[in-house]
Amino acid sequence: MKIGLAIYNFDPKKGGAERYAYDLATDLLNRGHQVYVFCSKAVNLRGAVIAKFDTVRFPRWLRSLFFALNHRRYAKTFSLDVMLGFGNTLDIDVYQSHGGVQRFWMEREIASYDDPRERRVKAALLRNSLNQRVQKWVEEYPIRRGGYSRIIAISDMVKGHMKEHYGLEDDKIDIVYNGVDTDKFKPDEQKNEEKLKILFSAGNFRLKGLLPLLMATGELVKERDDFKVLVMGRGRKERYEETIKRLGIAGMVSFLGETSTPELTYRQAHVLAHPTFYDACSLTTMESMASGLPTITTRWNGASALIGPDEGYVIDGPEDTQGLTDALRGLFNEEARITMGRKARLKLEEYTIAQNVNRMENIFREVCDGKRSH
């Protein structure tokens with residue numbers, strides 16, 4: 001098949017959707033398909049046709065609009081069998097948003113600001129943002145006008161949000177969970193058990209719940225000091241320095257920064273805490289489970305549907321600091337922790353990249369067959 005992918009920045013280092021697009025394109029190429037990537041920025045991928053077009057960088061609303069309009073124009077010059085869009089294009093065959101439904105993301109983004117004044121300001125800015133309005137219009141355009149063949153939700157949570165927001169019937173939406181490279185993300189059986197290492201990994205520390213984790217750490221440190229919190233990612237640590245000092249946990253928290261080999265950090269850790277305010281389907285929690293870590297997250301993470309009581313803990317929300325503290329406390333039990341980690345790994349062996357691409361490939365074929373029959 002000739003398969004088109006539309007993504008603004010085709011670079012696996014930039015984020016979840018970007019990494020997914022790159023992995024999907026790589027696997028499709030390996031299976032003998034022709035892949036066309038429509039983007040404004042890109043890293044090279046051998047075998048793929050990179051259809052790069054210019055767009056303005058600022059203001060952001062104009063960038064979003066130009067990308068959608070330019071994609072429509074450029075895509076017409078190629079004879080494709082199927083076009084996959086990630087909520088950033090007007091003309092698509094298969095719609096797959098990796099950010100979920102904007103309305104729900106925005107509510108949770110606002111909720112993630114702990115300071116009431118900052119929250120009010122952010123709410124006003126987001127709700128009146130021209131960029132958000134343009135992104136919402138582009139995201140909703142193909143669905144509102146029925147300009148698609150298939151809609152794919154990356155979690156049951158996102159499917160529920162799409163049904164509610166768009167008034168879609170249950171059978172109109174396929175669910176295809178993200179896939180993980182289970183050869184890369186795998187357990188380390190020779191782990192040092194001296195101190196419990198609690199890992200937090202995110203690009204946006206605020207939205208993914210670092211503050212609730214620090215608050216829970218402040219509670220745990222009153223009882224014991226045989227643990228360490230490792231913070232991995234590119235977030236702003238300056239925002240949390242005062243809180244860390246006030247809670248008296250400076251010696252318990254280490255900021256690791258970004259790394260090109262996150263799988264090695266997962267292997268060093270014993271537990272992942274991801275008390276997120278919103279994730280359509282967190283790759284972080286899936287990579288953690290694949291690495292054999294018991295995983296704690298919230299019901300606002302679409303990937304929480306994969307975590308049963310045998311594999312970790314799902315708390316109601318990041319505001320439930322007591323629930324988070326209790327979950328962490330339970331994982332100091334080495335036997336329970338090891339058993340949960342093994343079961344988490346077993347669960348994720350059903351969610352590999354290859355299995356994800358199998359599902360996507362089947363959907364693409366059905367779309368192509370549907371086009372030919374008309």
Side-chain angles (χ1 to χ4, degrees), residues 155-157 177-202 208-209 212-213 216-217 219-221 223-232 252 254 262-276 279 281-318 320-353 355-356:
S155 67
D156 288 88
M157 183 186 81
Y177 275 82
N178 286 328
V180 174
D181 184 341
T182 51
D183 292 327
K184 180 178 175 183
F185 293 93
K186 59 187 178 182
D188 179 0
E189 304 298 341
Q190 307 300 316
K191 199 168 291 183
N192 177 3
E193 302 289 342
E194 192 178 321
K195 273 196 174 185
L196 188 78
K197 295 187 183 78
I198 301 166
L199 178 63
F200 174 90
S201 175
K208 307 307 180 180
L213 177 57
T217 303
E219 290 301 308
L220 284 173
V221 83
E223 306 164 13
R224 61 199 308 156
D225 62 0
D226 57 340
F227 69 98
K228 192 98 176 165
V229 176
L230 307 176
V231 180
M232 178 168 67
M252 316 297 291
S254 293
E263 68 277 9
L264 301 182
T265 308
Y266 281 112
R267 277 179 226 156
Q268 293 166 15
H270 300 100
V271 174
L272 179 93
H274 193 75
T276 182
D279 265 293
C281 183
S282 166
L283 265 174
T284 295
T285 52
M286 294 179 73
E287 289 166 350
S288 157
M289 293 174 75
S291 303
L293 305 187
T295 298
I296 306 167
T297 192
T298 72
R299 68 179 178 87
W300 287 104
N301 177 0
S304 66
L306 308 180
I307 303 172
D310 290 338
E311 295 107 16
Y313 296 91
V314 178
I315 60 176
D316 195 48
D320 183 11
T321 309
Q322 186 59 56
L324 177 58
T325 306
D326 291 342
L328 288 166
R329 190 182 285 118
L331 291 170
F332 280 90
N333 182 316
E334 184 179 343
E335 187 180 344
R337 187 173 69 243
I338 289 170
T339 302
M340 276 186 169
R342 284 177 182 154
K343 289 183 176 177
R345 168 67 189 190
L346 280 172
K347 175 69 72 71
L348 256 290
E349 285 174 1
E350 302 168 25
Y351 294 90
T352 63
I353 290 173
Q355 285 161 321
N356 173 281

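Sequential numbering from 1 along the given sequence is applied to the chain's residues.
Side-chain contact between M286 and C281 is present, with heavy atoms from C-beta onward closer than 4.5 Å. Using a 4.5 Å cut-off on side-chain heavy atoms (C-beta onward), L346 and R342 make no contact. Residues Q268 and D188 form no side-chain contact, since every pair of their non-hydrogen atoms from C-beta on lies 4.5 Å or further apart. Using a 4.5 Å heavy-atom threshold, the side chains of K228 and L230 count as touching. You'll find the side chain of T285 stays beyond 4.5 Å of the side chain of L306, heavy atoms only.
Judged by distance alone, the side chain of D320 and the main-chain N or O of I315 form no donor-acceptor pair under 3.5 Å. Within the 3.5 Å criterion, the main-chain N or O of Y351 finds no donor-acceptor partner in the side chain of N356. Checked by atom type and distance alone, the side chain of Y266 never pairs as donor or acceptor with a backbone atom of K186 at under 3.5 Å. T297 places a side-chain N or O within donor-acceptor distance of the main-chain N or O of H274, the cut-off being under 3.5 Å.
The two residues P318 and P212 have their closest heavy-atom pair at O-CB, 3.3 Å. Between T284 and S201, the closest heavy-atom pair is CG2-O, 3.6 Å. Across every non-hydrogen atom of S288 and T295, the tightest pair is OG-OG1, 2.7 Å. Shortest non-hydrogen contact noted between P187 and A290 is CD-O, 3.6 Å.
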With side chain to side chain contact (heavy atoms under 4.5 Å, CB included) as the criterion, how do L196 and R337 come out once you've worked through the C-alpha distance, each side chain's angles and the decisive distance to 0.1 Å? CA-CA 10 Å; L196 188 78; R337 187 173 69 243; 3.4 Å; yes

Evaluate M289 against L272 for side chain to side chain contact (heavy atoms under 4.5 Å, CB included), listing each step before the verdict. CA-CA 9 Å; M289 293 174 75; L272 179 93; over 6 Å; no

Could you walk me through whether M340 and L331 pass the side chain to side chain contact (heavy atoms under 4.5 Å, CB included) check? CA-CA 9 Å; M340 276 186 169; L331 291 170; 3.6 Å; yes

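Here the straight-line distance linking atom CD1 of I296 with atom CG of N301 works out to 13.0 Å at 0.5 Å rounding. Interatomic distance, CG of N178 versus CG of L283, reported as 4.5 Å (0.5 Å rounding). In this structure, CG in L293 is found 11.5 Å from NZ in K197, a value given to the nearest 0.5 Å. Atom NZ of residue K208 and atom CZ of residue F200 lie 9.0 Å apart, to the nearest 0.5 angstrom. With rounding to the nearest 0.5 Å, the separation of OG1 in T298 from CG in D279 is 7.5 Å. Atoms OG and CG, from S254 and L199 in turn, are 11.5 Å apart once rounded to the nearest 0.5 Å.
Annotation: salt bridge (charged side-chain N to carboxylate O under 4.0 Å, His left out) contacts involving residues 281-307, sequence neighbours excluded, comprise R19-E287, R299-D316. For residues 301-314, the salt bridge (charged side-chain N to carboxylate O under 4.0 Å, His left out) pairs, not counting sequence neighbours, are E311-K347.
D226 pairs by the salt bridge (charged side-chain N to carboxylate O under 4.0 Å, His left out) definition with R224, not counting sequence neighbours. With sequence neighbours excluded, the residues that form a salt bridge (charged side-chain N to carboxylate O under 4.0 Å, His left out) with E223 are R329. Residues passing the side-chain contact (heavy atoms from CB on, under 4.5 Å) test with E263, sequence neighbours excluded: K184, F185, T261, R267. Every residue was checked against the ring-ring contact (aromatic ring centres under 6.0 Å, His included) condition with Y313, not counting sequence neighbours, and none meets it.
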